[in-house]
**Q** 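Sharing a structure below in structure tokens format, with a few things to ask.
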Amino acid sequence: MTQTAPNATTAAEQLFASMDPRTGEVVAQHPVHTEAEVVDAVASARPAGEWWAGLGFEGRKARLDTWRKILVGKLDEFGALISSETGKPADDARTELALVIDHLHWAARHAGRVLGKRRVSPGMLMYNHSATIEYKPLGVVGVIGPWNYPAFTPMGSIAYALAAGNAVVFKPSEYTPGVGTFLASTFSEAVPEHPVFQVVTGFGETGAALCRAGVDKLAFTGSTATGKRVMAACAETLTPVLVECGGKDALIVDSDADLSAAADATVWGGVFNAGQTCAGVERVYVAEDVADEFIALVTKRVQKLKPGGEPGADLGPITMPKQVDVIRSHVQDALARGGKALVGGPESIRPPFVEPVVLVDVPEDSKAVTEETFGPTLVINRVSDALEGVRRANAGRFGLGGSVFSRSRGEELARAMRCGMVSVNAVLAFAAVPALPFGGVGDSGFGRIHGEDGLREFATPQAVTRKRFSALLNPMTYDRSSHTVKNVLRLVRMLYGR
Ligand code: NDP
């Protein structure tokens with residue numbers, strides 16, 4: 001049995017090509033899996049999942065550790081594949097893979113501790129029972145992923161779902177099917193017996209079919225618009241969903257911030273991966289009294305960065321051609337409403353590449369402030385102080401991550417932000433800490449990948465009590481005496497009423 005979808009190589013199958021966005025060359029052909037094939041994949045995943053669950057935490061850990069070592073052995077090959085399907089520079093792909101490996105290690109190592117059976121206190125009233133809780137696998141988890149971090153992002157679901165004891169059927173983005181197939185084929189080297197982790201490839205219809213194929217949970221990462229469609233499809237069968245969507249993350253610069261560090265982080269967080277980062281820096285609110293100095297530092301750094309497809313380029317192309325129009329419209333809208341371009345402008349948009357653009361004093365109701373741009377553009381707006389920056393950051397409909405630069409009150413400002421994750425005096429640090437949950441609020445979605453919450457997301461708790469001996473006072477029987485409830489209430493008043 002293979003770990004690509006069943007019937008994946010029938011003669012009549014339709015194929016589609018993944019392309020290198022730097023050159024337009026075809027990287028490879030992949031099957032467009034039909035609805036029937038997706039249903040077959042989920043059906044064959046079910047017994048495979050039961051076998052996988054039966055291995056227990058230690059058995060699964062051994063297999064996941066083997067997979068991790070296989071991936072580490074193929075880092076160069078895997079990184080080159082990521083670069084060819086996304087266009088991102090080699091070092092960006094390698095950085096992504098370093099995080100993948102760290103998360104895979106963490107999930108395998110901690111699943112037993114987090115999800116395994118443990119005793120809890122039965123409480124005073126149920127002292128004659130023992131009480132245990134255990135997090136059981138859900139069965140088959142469907143994962144739908146985006147192209148911007150085609151390994152790191154879906155692995156936030158895949159690694160944690162597998163460690164929790166589930167089988168996984170993964171539908172990668174149509175732009176990065178090879179990355180998904182690479183993950184599944186390397187997994188099958190570590191787990192050849194059963195199709196525990198399968199990949200189905202194709203377009204949005206294949207993803208939609210996965211939502212309706214009878215999976216026990218659907219973990220979606222992508223745009224908010226598609227997330228709503230996924231939820232609607234899953235609602236038909238009451239399939240639970242995890243929805244990780246877009247963001248419009250803000251970085252706040254306080255008056256006492258280390259401005260050089262803040263500028264470095266701003267440029268990296270905004271331009272890394274050509275700005276195609278869900279929790280990347282899209283807007284900056286800088287305290288008025290340090291704004292000139294900060295903006296000068298950012299401008300100087302950004303001017304040195306050049307996009308390109310050649311080795312050594314600082315940023316790659318825009319992977320998804322239609323995103324170029326979104327970036328252009330946001331830049332034009334910002335300028336038309338009175339914003340100023342300090343670096344670049346509409347002329348920076350030369351598909352498939354976009355040179356970094358720095359916009360300042362952009363009205364808060366312009367698209368460049370309210371909508372996800374997903375390009376190497378930075379909006380920097382001056383605010384009276386950092387708290388005003390937090391207020392503006394919180395005004396949007398997204399709430400994925402954020403960053404705060406402050407020497408004296410970083411954590412206080414972080415707590416005031418309405419979002420799922422904040423880095424103080426850094427950007428995106430939370431994504432690289434496997435023990436921390438990753439996810440947002442508002443239009444950025446709900447549910448969590450990574451960390452203990454990410455493991456529990458792919459498991460269902462089962463509570464068990466076991467009666468150890470008969471209680472002196474048992475009100476839960478028709479054999480109770482007339483005094484039993486009275487005595488129980490007396491106990492409750494004595495214990496909890498004072
Ligand atoms: P999309 O929403 O366009 O697509 C995401 C996935 O959904 C793709 O695999 C896509 O397939 C699939 N899909 C499309 N239509 C349907 C449908 N009707 N039913 C089921 N699946 C469907 O997002 P992008 O791939 O463009 O990714 C970029 C977005 O992802 C950004 O908004 C970004 O912020 C967000 N993102 C969020 C992250 C987070 O953790 N919160 C992390 C990374 C990205 P196909 O590609 O074949 O159309």
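In listed order, ligands and their atoms are each counted from 1. Quick caveat, the model's predicted, so the values are computed rather than measured. Positions are given from 1 along the sequence.
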**Q** Could you tell me if any non-hydrogen atom of Phe220 lies under 4.0 Å from any atom of ligand 1?
**A**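 In this structure, Phe220 qualifies as a contact of ligand 1 - some heavy atom is under 4.0 Å.
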**Q** I want to know if ligand 1 touches Thr221 in the polar sense, i.e. an N/O pair below 3.5 angstrom.
**A**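 N/O-N/O distance below 3.5 Å does not exist for this pair.
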**Q** Any chance you could lay out the ring pair (Phe, Tyr, Trp, His ring centres under 6.0 Å) test for Trp147 and Phe374, step after step, and finish with the verdict?
**A** CA-CA 12 Å; Trp147 46 266; Phe374 233 49; 5.7 Å; yes
**Q** Show your working on side chain to side chain donor-acceptor pair (under 3.5 Å) between Glu85 and Ser18 and close with a plain yes or no.
**A** CA-CA 7 Å; Glu85 286 196 327; Ser18 68; 2.9 Å; yes
**Q** Run the ring-centre check on His450 versus Phe152 and record whether the distance is less than 6.0 Å.
**A**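 Ring centroids of His450 and Phe152 are less than 6.0 Å from each other.
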**Q** With backbone taken as N, CA, C and O and side chain as the heavy atoms from C-beta onward, which portion of Tyr149 lies under 4.0 Å from ligand 1: side chain, backbone, both, or neither?
**A**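 No part of Tyr149 is near ligand 1 at this cut-off.
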**Q** Quick one: does Pro172 get within less than 4.0 Å of ligand 1, heavy atoms only?
**A**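 So Pro172 counts as touching ligand 1.
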**Q** How long is the span from the CZ atom in Arg301 to the CH2 atom in Trp268, to the nearest 0.5 Å?
**A**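 Reported to 0.5 Å precision, the distance equals 12.5 Å.
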**Q** What residue and heavy atom of the protein are closest to atom 40 (O) of ligand 1, and at what distance?
**A**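 Of the protein heavy atoms, Phe438 CE2, 3.2 Å lies nearest.
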**Q** Tell me which one of Ser157, Gly222, Gly180 gets a heavy atom nearest to atom 35 (C) of ligand 1.
**A**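 It is Gly222 whose heavy atom sits nearest to atom 35 (C) of ligand 1.
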**Q** Among all protein heavy atoms, pick out the one at the shortest distance from atom 17 (C) of ligand 1; state its residue, atom name and that distance to 0.1 Å.
**A**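 For this ligand atom, the closest protein heavy atom is Gly204 O, 3.6 Å.
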**Q** Relative to the heavy atoms of Val230, which atoms of ligand 1 are at a distance of less than 4.0 Å?
**A**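 With Val230 as reference, the close atoms of ligand 1 come out as 19 (N), 20 (C).
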**Q** Which residue owns the protein heavy atom closest to atom 26 (O) of ligand 1, what's the atom, and how far is it?
**A**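 Ranked first by proximity to atom 26 (O) of ligand 1 is Trp147 NE1, 2.8 Å.
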**Q** Decide, yes or no, whether a salt bridge links Arg337 with Asp365 under the criterion of side-chain N to carboxylate O below 4.0 Å.
**A**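 Looking at Asp365 together with Arg337, the answer is yes, because their closest N to O distance falls below 4.0 Å.
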**Q** For Glu364, does the CD atom have more than 12 heavy-atom neighbours from other residues, nucleotides or ligands under 6.0 Å away?
**A**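 Yes.
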**Q** Note the single closest protein heavy atom to atom 31 (C) of ligand 1, along with its residue, its atom name and the distance in Å.
**A**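 The answer is Glu372 OE1, 3.4 Å.
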**Q** Would Arg456 count as a cation-pi partner of Tyr135, with NZ or CZ less than 6.0 Å from the six-membered ring centre and within 45° of the ring normal?
**A**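 Judged by the rule, Arg456 and Tyr135 form a cation-pi pair.
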**Q** Let me confirm one number: the CD1-CD1 distance from Ile295 to Ile380, rounded to the nearest 0.5 Å.
**A**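 The CD1 atom of Ile295 sits 5.5 Å away from the CD1 atom of Ile380.
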**Q** Taking atom CZ as the centre, does Arg63 end up with more than 12 heavy-atom neighbours from other residues, nucleotides or ligands that are less than 6.0 angstrom away?
**A**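 Check passes, neighbour count above 12.
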**Q** Does the distance from a Lys or Arg side-chain N to an Asp or Glu carboxylate O, for Asp453 and Arg448, drop under 4.0 Å?
**A**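 No, no charged N to carboxylate O under 4.0 Å.
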**Q** Looking just at side-chain N and O atoms, do Thr206 and His33 make a donor-acceptor pair shorter than 3.5 Å?
**A**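 On atom types as modelled, these side chains do not qualify, holding no pair under 3.5 Å.
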**Q** Please determine whether any non-hydrogen atom of Gly202 lies less than 4.0 Å from an atom of ligand 1.
**A**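 Yes, Gly202 has heavy atoms under 4.0 Å from ligand 1.
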**Q** Report yes if some N/O of Glu174 lies less than 3.5 Å from some N/O of ligand 1; otherwise report no.
**A**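 Yes; the residue has a nitrogen or oxygen that sits under 3.5 Å from a nitrogen or oxygen of the ligand.
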**Q** Under 4.0 Å from any heavy atom of Leu400, which atoms of ligand 1 are there?
**A**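 Contacts of ligand 1 toward Leu400, numbered from 1: 41 (N).
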**Q** Show the atoms of ligand 1 that are less than 4.0 angstrom away from any heavy atom in Asn148.
**A**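 Every atom of ligand 1 under 4.0 Å from some heavy atom of Asn148: 43 (C), 44 (C).
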**Q** Hey, could you give me the CG/CE distance between Asp325 and Met320, rounded to the nearest 0.5 Å?
**A**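 Reported value, rounded in 0.5 Å steps: 10.5 Å.
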**Q** So, taking the atom named CD1 in Ile318 and the one named CG in Asn148, what distance separates them when rounded to the nearest 0.5 Å?
**A**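 Answer rounded to 0.5 Å: 11.0 Å.
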**Q** Could you give me the CA-CA distance, side-chain angles and deciding distance for Phe197 and Phe187, then say whether ring pair (Phe, Tyr, Trp, His ring centres under 6.0 Å) is met?
**A** CA-CA 7 Å; Phe197 173 23; Phe187 180 86; 5.7 Å; yes
**Q** On a heavy-atom basis, I'd like to know which of Gly145, Pro146, Gly207 is closest to atom 8 (C) of ligand 1.
**A**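 Considering heavy atoms of Gly145, Pro146, Gly207, the nearest to atom 8 (C) of ligand 1 sits in Gly145.
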**Q** At a non-hydrogen distance cut-off of under 4.0 Å, which region of Thr224 contacts ligand 1 (side chain, backbone, both, or neither)?
**A**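 Thr224 to ligand 1: no contact under 4.0 Å from either part.
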**Q** Are Arg60 and Phe57 in a cation-pi contact, defined as NZ or CZ under 6.0 Å from the six-membered ring centre and within 45° of the axis?
**A**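 Yes, cation above the ring, under 6.0 Å and within 45°.
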**Q** Working to the nearest 0.5 angstrom, can you tell me the gap between Cys234 SG and Leu218 CG?
**A**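 Between Cys234 SG and Leu218 CG, I get 4.0 Å after rounding to 0.5 Å.
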**Q** Would you kindly specify which portion of Gln276 sits under 4.0 Å from ligand 1, judged on non-hydrogen atoms: side chain, backbone, both or neither?
**A**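 Neither; no heavy atom under 4.0 Å.
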**Q** Could you tell me, atom by atom, which parts of ligand 1 come under 4.0 Å of a heavy atom of Met320?
**A**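 Listed by number with element: 26 (O).
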**Q** Measure the distance from atom 11 (O) of ligand 1 to every protein heavy atom, then report the residue, atom name and distance (to 0.1 Å) of the closest one.
**A**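 Atom 11 (O) of ligand 1 sits closest to the protein heavy atom Lys171 NZ, 3.0 Å.
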**Q** Ligand 1 versus Thr206, non-hydrogen atoms closer than 4.0 Å: side chain, backbone, both, neither?
**A**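 The answer is neither; Thr206 stays 4.0 Å or more away.
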**Q** Do any nitrogen or oxygen atoms of Thr226 lie less than 3.5 angstrom from nitrogen or oxygen atoms of ligand 1?
**A**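 Yes - when backbone and side-chain N and O of Thr226 are compared with those of ligand 1, one distance drops under 3.5 Å.
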**Q** Heavy-atom contact check, 4.0 Å cutoff: does Ser444 meet ligand 1?
**A**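 Under 4.0 Å: no for Ser444.
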**Q** Considering heavy atoms of the protein only, find what lies nearest to atom 18 (N) of ligand 1 and give residue, atom and distance to 0.1 Å.
**A**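 Heavy-atom neighbour on the protein nearest atom 18 (N) of ligand 1: Arg229 NE, 4.0 Å.
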**Q** Is Glu355 salt-bridged to Arg350, cutoff N-O under 4.0 Å?
**A**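 Answer for the salt bridge query: yes.
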**Q** State the OG-OH distance between Ser173 and Tyr149, to the nearest 0.5 angstrom.
**A**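 If I round to the nearest 0.5 Å, the distance is 14.5 Å.
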**Q** So, is Thr153 polar-close to ligand 1, with some N/O to N/O distance under 3.5 Å?
**A**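 Among all N and O atoms of Thr153, none is under 3.5 Å from an N or O of ligand 1.
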**Q** What is the nearest protein non-hydrogen atom to atom 36 (N) of ligand 1, stated with its residue, atom name and distance?
**A**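 Nearest neighbour among protein heavy atoms for atom 36 (N) of ligand 1, to 0.1 Å: Cys278 CB, 3.5 Å.
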**Q** Below 3.5 angstrom, do we get any N/O pair linking Ser223 and ligand 1?
**A**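 Yes - when backbone and side-chain N and O of Ser223 are compared with those of ligand 1, one distance drops under 3.5 Å.
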**Q** Can you find an N/O atom of Cys245 closer than 3.5 Å to an N/O atom of ligand 1?
**A**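 Min N/O separation from ligand 1 is below 3.5 Å for Cys245.
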**Q** Is Glu205 touching ligand 1 with its side chain, its backbone, both, or neither, if touching means heavy atoms under 4.0 Å apart?
**A**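 No part of Glu205 is near ligand 1 at this cut-off.
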**Q** Measuring from the heavy atoms of Phe203, does anything fall under 4.0 Å of ligand 1?
**A**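 True for this residue.
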**Q** Give the residue and atom name of whichever protein heavy atom lies nearest to atom 33 (C) of ligand 1, and the separation in Å to one decimal.
**A**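 Scanning the protein heavy atoms, the shortest distance from atom 33 (C) of ligand 1 goes to Phe374 CZ, 3.4 Å.
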**Q** Need the ligand 1 atom indices (1-based, order shown) with element for anything under 4.0 Å from a heavy-atom of Glu244.
**A**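 Listed by number with element: 37 (C), 39 (C), 40 (O), 41 (N).
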